[in-house]
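What follows is one structure encoded as structure tokens, with my remarks underneath.
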Amino acid sequence: MSADLFSEVKQAVSAAAAGRLRSWGAGELAEKIELERPAQRQHGDLSLNLALAAAGRAGRPPRELAAELVADLEADERLSTYCRRLEIAGPGFINLFLDDAALGAAALAALAAGDDFGRGEPPAPLSILLEFVSANPTGPLHVGHARYAAYGDSLARILTFAGHRVDTEFYINDYGTQMDLFARSLAVAYARRLGKELPLPEDGYRGDYLDRIAATIVGEKGEALLDDLTGGDGQQALSFLRRRGCELMLAEIEATLGRFRVHFDRWFSESSLYRDQALETLLAALRRSGDVTDRDGATWMLTSRHGDDKDRVLIRSSGEPTYFASDIAYHRQKLDRGYDRLINIWGADHHGYVARMKAAFAALDEDPDKLEIIIGQLVNVIERGERKQMSKRAGTMVMLDELIDAIGVDAARFFLVERSHDSALDLDLEKARMRSEENPVYYVHYAHARICSILRKAAGSETEAVEAAPPGSLEPEERQLVLQLLSFPGAVAAAAASREPHRLTTYMRSLAADFHVFYHNCPVLRAGGETAAFRLSLCTLTRDVIARSLSLVGVKAPERM
RNA sequence: GCGCCCGUAGCUCAGCUGGAUAGAGCGUUUGACUACGAAUCAAAAGGUCACAGGUUCGAAUCCUGUCGGGCGCGCCA
């Protein structure tokens with residue numbers, strides 16, 4: 001008995017129905033059998049819409065087709081070991097009623113599979129480079145970054161568990177005007193700390209973190225930079241501040257991400273592209289392919305030839321390269337590392353750049369589909385019931401560290417990843433702080449802790465010594481729990497394929513709910529004998545699946561709470 | 001003006017890529033602990049799935065349009 005019963009059933013159906021489907025000219029339906037969990041119990045455990053899907057092609061009424069399919073399925077030996085009964089319902093659905101013993105056996109097989117239950121084995125695993133957060137190293141992370149951090153890190157975990165090879169990467173924008181501005185702002189904080197006032201640059205950065213970093217630099221260098229900043233042209237001092245400030249800022253960012261349980265395999269520096277002359281190489285290649293032209297004193301890339309709205313500047317008339325230019329060089333570099341797929345997670349404020357980046361791939365003679373850009377919607381901050389965009393100026397910034405301090409990593413990650421990344425998210429920090437105990441993560445935690453408590457109680461008991469065997473029949477609540485547990489591999493696969501970690505939070509809430517119902521209706525230890533042994537196994541499997549699900553979104557599974 | 005995203009219960013959101021009578025949590029009302037953890041469970045109430053067309057056996061889901069909200073549309077990053 002396989003742990004992944006639903007896949008097993010799917011394969012059996014495919015094999016048994018293939019011939020019939022082909023005779024209707026709908027053979028391809030056998031390749032992608034859709035097994036659904038009907039919303040209503042009376043519709044069975046699984047349902048097939050094959051007859052409905054084939055009706056158009058066959059030119060015959062669906063129920064008539066369903067009758068022929070049912071005959072094929074009933075004749076199939078493998079299927080009849082899982083399936084107690086088949087029925088045709090409604091417009092032409094084929095409903096499957098699974099055998100209780102088979103369900104129980106599958107649950108025990110899932111338990112035996114241990115860490116491998118739900119793990120994907122795609123026929124062709126992808127090697128994926130997943131880039132996310134990539135915040136400018138000019139300030140600390142805020143809750144907007146936190147959303148992408150939670151989303152991206154969860155996605156990396158899920159894709160890995162689904163069987164792909166995933167590297168995660170943080171791109172450091174440590175080159176260009178923003179870094180210059182950062183260095184000059186840092187110089188102001190540095191000088192002030194030593195009793196000298198320098199003019200704050202227009203649109204300069206401000207904030208406690210600059211004082212913090214300035215203090216560190218004063219500790220390291222004393223007043224050594226002061227003369228250059230006040231007397232000289234300041235170039236040497238600014239250069240140092242840019243480099244060292246960036247290092248210190250990145251260290252803070254990395255520490256915050258570490259607290260948030262987000263780890264990157266690689267930190268890639270934009271500056272390194274300039275050191276390696278990646279832009280020159282890139283430009284030469286683009287000139288050869290004819291995708292670049294000089295116009296109005298600037299160097300343009302002809303992205304409009306590849307589906308972009310208009311052409312884009314690579315080198316300004318000032319001679320400075322644009323951000324776009326180094327971004328192309330960066331992606332060229334990523335491609336050269338040999339990944340099958342490059343996934344970028346960008347904020348909604350960057351969606352306008354998708355077309356030009358895809359165009360760049362086409363110009364580089366690379367398949368644009370290798371580049372997968374996921375747009376995450378923004379986070380709004382709610383203050384006194386009003387929705388506000390986060391802004392330093394308006395003082396509505398909420399930092400990731402603040403969020404963690406307020407509600408903890410588990411509640412924060414669950415909250416951020418629970419919603420579809422496609423919808424804007426409102427965060428009311430005060431409300432989150434006051435009502436953090438209502439976070440759904442604790443509902444899932446409670447189920448986990450409750451099971452752990454039962455297992456502690458069972459430790460060393462007679463029940464624990466009995467080897468579990470699938471019972472001949474299951475109580476309705478037991479049955480529901482088993483069906484939910486067996487849905488786990490499908491939930492993982494769906495979350496991975498659709499890049500939607502929130503499907504797993506939805507899944508584990510349902511699983512926790514089904515467990516609580518089971519708990520209230522089906523005594524475990526008190527049942528005694530073989531029933532107790534089997535139910536104890538269900539408890540263990542539920543605990544494992546909850547813990548695994550939580551770990552896939554970077555949340556802990558406490559044994560007590 | 002153009003492009004992308006969103007609009008589902010009083011509030012916050014799911015809805016398995018087109019399935020059967022649209023679901024949770026919070027809030028409201030009511031019931032269940034001498035019990036393997038009541039941070040739980042059971043029940044009630046709450047809906048024009050923004051609106052109007054279209055596609056088909058079947059639409060919250062797909063296509064078109066309208067309305068409303070968010071985000072973009074630079075030789076900024």
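By convention in this document, chain letters (A, B, ...) are assigned in the order of the sequence lines, proteins followed by strands, and residues within each chain are numbered from 1. Only this structure's heavy atoms are used, side chains among them; waters, hydrogens and symmetry mates stay out.
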Suppose you measure atom C1' in B:A24 against the same atom in B:A45; what distance do you get, rounded to whole Å? 16 Å
State yes or no: are the ring centers of A:Phe518 and A:Phe515 separated by less than 6.0 Å? yes
Taking only the P atom of each, what is the distance from B:G72 to B:U28 in whole angstrom? 38 Å
Is the glycosidic torsion of B:U17 within 90° of 0, making it syn, or is it anti? syn
Against the side chain of A:Arg509, the closest entry in B:G37, B:A24, B:G70 is B:A24
Given B:A39, B:C26, B:C71, which nucleotide is nearest the side-chain atoms of A:Tyr446? B:A39
In terms of side-chain heavy atoms of A:Leu525, which of B:G37, B:A20, B:C36 is nearest? B:C36
Answer with yes or no whether the side chains of A:His421 and A:Arg499 bring together a donor and an acceptor at under 3.5 Å. no
Which nucleotide wins on minimum distance to the side chain of A:Arg560, given the candidates B:U17, B:U40, B:G37? B:G37
For the atom pair CG (A:Asp203) and OG1 (A:Thr177), what is the distance rounded to the nearest 0.5 Å? 11.0 Å
Mind checking if A:Glu34 touches a base, just sugar-phosphate, or nothing, with heavy atoms under 4.0 Å? nothing
Over all atoms of both residues, closest heavy-atom pair of A:His502 and A:Thr505: O-OG1, 2.8 Å
Calculate, to the nearest 0.5 Å, the distance between atoms CG and CZ belonging to A:Leu52 and A:Arg63 respectively. 10.0 Å
Starting at CG of A:Leu46 and ending at C1' of B:C16, how long is that distance when rounded to a whole Å? 13 Å
Any base atoms under 4.0 Å from A:Cys452, or only sugar-phosphate, or nothing? Heavy atoms, all strands. nothing
Counting only Watson-Crick or G-U wobble pairs whose two distances fall under 3.5 Å, which nucleotide matches B:U12? B:A24
Are OP1 or OP2 of B:U40 and a side-chain N or O of A:Tyr442 less than 4.0 angstrom apart? no
A:Pro91 near the nucleic acid: base, sugar-phosphate alone, or nothing, with a heavy-atom cut-off under 4.0 Å? base
Would you indicate what A:Ser420 reaches in the nucleic acid, counting non-hydrogen atoms under 4.0 angstrom: base, sugar-phosphate, or nothing? sugar-phosphate
By the 4.0 Å heavy-atom rule, please label A:Leu52 as base, sugar-phosphate, or nothing. base
Using a distance-only criterion (donor-acceptor N/O pair, under 3.5 Å, no hydrogens), is the base of B:A24 paired with the side chain of A:Thr506? no
Has the side chain of A:Asn95 got a donor or acceptor that lies under 3.5 Å from a partner of the other kind on the base of B:A20? yes
B:C2 -> Watson-Crick or G-U wobble partner, both distances under 3.5 Å, gives B:G72
When all nucleic acid strands are considered with a 4.0 Å heavy-atom cut-off, which category describes A:Asp309: base, sugar-phosphate, or nothing? nothing
I want to know whether A:His142 and A:His145 have ring centres closer than 6.0 Å. yes
To the side chain of A:Met561, which of B:A20, B:A39, B:A38 is closest? B:A39
Consider only side-chain N and O atoms of A:Asn136 and A:Gln178, and report whether a donor and an acceptor are under 3.5 Å apart. no
What does A:Val524 touch in the nucleic acid at a heavy-atom separation under 4.0 angstrom: a base, only the sugar-phosphate, or nothing? base
Paired with B:U34: which nucleotide, if any, by Watson-Crick or G-U wobble criteria at under 3.5 Å for both distances? none
Where the side chain of A:Ser498 is defined as all heavy atoms beyond and including C-beta, which of B:U21, B:U17, B:G37 is the nearest nucleotide? B:U17
Whole Å only: how far is the NE2 atom of A:His445 from the C1' atom of B:A38? 19 Å
Using the six-membered ring of A:Phe488, assess whether NZ or CZ of A:Arg548 lies under 6.0 Å from its centre and within 45 degrees of the ring axis. no
In terms of the nearest nucleotide of RNA chain B, which residue is placed more toward the 5' end: A:Phe415 or A:His351? A:His351
Distance check, C1' atoms only: B:C57 and B:A52, in whole angstrom units. 24 Å
Check the geometry between A:His43 and B:A20 and answer yes if their rings are stacked (centres below 5.5 Å, planes below 30°), otherwise no. yes
Need to verify one output field. Residue with the more 5' nearest nucleotide on RNA chain B, A:Tyr323 or A:His520? A:His520
How is A:His350 classified with respect to the nucleic acid when contacts are heavy atoms under 4.0 Å: base, sugar-phosphate, or nothing? base
Under a 4.0 Å threshold between the charged nitrogen and the carboxylate oxygen, would A:Lys334 count as salt-bridged to A:Asp327? no
Which part of the nucleic acid, if any, lies within reach of A:Pro62 when heavy atoms closer than 4.0 Å are counted: base, sugar-phosphate only, or nothing? nothing
Report yes or no: is there a donor-acceptor pair, N or O only, under 3.5 Å between the side chain of A:Thr322 and the base of B:C75? no
Could you please name the option among B:C41, B:C71, B:G37 that lies closest to any side-chain atom of A:Ala348? B:C71
Listed nucleotide nearest any side-chain atom of A:Arg450, set B:G70, B:G72, B:U40: B:U40
Just call it for A:Glu270: base, sugar-phosphate, or nothing, with non-hydrogen atoms closer than 4.0 Å on any strand. nothing
Provide the distance between the two C1' atoms, one in B:C62 and one in B:G47, to the nearest whole Å. 23 Å
Could you measure between the two C1' atoms, the one in B:G27 and the one in B:C13, and give it in whole Å? 15 Å
Suppose you measure atom P in B:G15 against the same atom in B:G31; what distance do you get, rounded to whole Å? 36 Å
Quote, to the nearest angstrom, the P distance that separates B:U29 from B:G68. 38 Å
Between the base of B:A20 and the ring of A:Phe93 - centre-to-centre under 5.5 Å, planes within under 30° - is that a stack? yes
Categorize A:Ala497 for me: base, sugar-phosphate, or nothing, with a 4.0 angstrom heavy-atom threshold over every strand shown. nothing
Selected nucleotide, minimal atom distance to A:Arg316 side chain, candidates B:C75, B:C41, B:A24: B:C75
Can you find an N or O donor on one side and an acceptor on the other, under 3.5 Å apart, linking the side chain of A:Asn49 with the base of B:G19? yes
Side-chain N or O of A:Lys310 less than 4.0 angstrom from OP1 or OP2 on B:C73? no
Any strand is fair game: report the nucleotide pairing with B:A52 by Watson-Crick or G-U wobble, both distances under 3.5 Å, or none. B:U64
In whole Å, what separates the P atom of B:A20 from that of B:A59? 10 Å
Would you mind classifying the nucleic acid contact of A:Gln42 as base, sugar-phosphate or nothing, using non-hydrogen atoms under 4.0 angstrom? base
Just to be sure I understand the rule, does A:Tyr519 reach a base, reach only the sugar-phosphate, or reach nothing, if contact means heavy atoms closer than 4.0 Å? base
Base-pairing assignment for B:G58 (Watson-Crick or G-U wobble, both under 3.5 Å): none
Testing the basics here: between A:Ala54 and A:Leu21, what is the closest heavy-atom pair and its distance to 0.1 Å? CB-CD2, 4.4 Å
